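Only one structure is covered here, and it is reproduced in the block below.
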Amino acid sequence: MLTYERIYAVVRQIPPGQVATYGQVAELAGLIGKPRLVGYALYRVDMTTDDVPWQRVINAKGEVSESPLRHGSDYLQRAMLEDEGIEFDHRGRIDLGKYKWRPPDSVIEQALAAFGENLG
DNA sequence: GAAATGACTCAAC
DNA sequence: CGTTGAGCCATTT
């Protein structure tokens with residue numbers, strides 16, 4: 001289960017007003033090449049709590065993903081992002097070049113430290 | 001243990 | 001730019 005916590009930890013590092021892609025989170029979470037795990041983890045996130053800002057995690061296309069189980073709350077996620085100052089394209093896409101989260105070295109160092117714990 | 005699922009990503013046309 | 005196909009592996013049943 002630490003795998004998920006790793007992802008949550010990274011997602012929590014995402015500051016408001018910015019978005020990160022699954023690949024980005026996966027890379028920082030040590031799940032390089034396994035973006036699906038991130039998506040799966042976010043799906044498992046208990047959105048009833050604010051533990052993880054899953055809303056700031058989108059796909060590499062800059063679109064806000066949605067799940068059939070999430071049906072109906074897709075607009076809610078968009079609203080939350082808009083509330084953070086993020087603008088959506090006419091197609092519902094976000095300008096990653098403007099809003100994509102740029103992980104600071106501190107986060108990378110933390111990630112590396114986390115890897116060490118796991119890698120042994 | 002084995003099969004099925006999945007909020008994705010990269011590459012090719 | 002949009003669609004199609006293959007890769008990835010932990011979680012779930």
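Letters go in sequence order (proteins before strands), and every chain restarts at 1. Here the structure is a predicted model, which is why all the values come from computation and not from measurement.
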To the nearest 0.5 Å, how far apart are CD in A:Gln18 and CD in A:Gln13?
12.5 Å
Hey, any chance A:Met80 and A:Ile94 share a hydrophobic cluster, counting ILVMFWY side chains that come within less than 4.5 Å of each other, even indirectly?
no
Strictly distance-based, threshold 3.5 Å: is any side-chain N or O of A:Lys61 a donor or acceptor partner for the main-chain N or O of A:Asn59?
no
Given 3.5 Å as the limit, does a donor-acceptor pair link the side chain of A:Gln55 with the main chain of A:Gln77, or not?
no
If you restrict it to nitrogen or oxygen atoms, what contacts under 3.5 Å exist between nucleotides 8-13 of chain C and the protein, and what is each distance?
{"unit_1": "C:dT12", "atom_1": "OP1", "unit_2": "A:Arg44", "atom_2": "NE", "d": "2.8"}
{"unit_1": "C:dT12", "atom_1": "OP1", "unit_2": "A:Arg44", "atom_2": "NH1", "d": "3.3"}
{"unit_1": "C:dT12", "atom_1": "OP1", "unit_2": "A:Arg44", "atom_2": "NH2", "d": "2.4"}

Interatomic distance, A:Asn59 CG vs B:dT9 P [rounded to whole Å]:
5 Å
For the side chain of A:Arg93 and the backbone of A:Gly62, is there at least one donor-acceptor N/O pair under 3.5 Å apart?
no
If I take atom OH from residue A:Tyr40 and atom OH from residue A:Tyr22, how far apart are they, to the nearest 0.5 angstrom?
14.0 Å
Whole-Å distance separating the OH atom of A:Tyr8 from the C1' atom of B:dA7:
12 Å
What's the CH2-C1' distance between A:Trp54 and B:dG6, to the nearest Å?
17 Å
What is the distance from CE of A:Met80 to P of B:dA7, rounded to the nearest Å?
17 Å
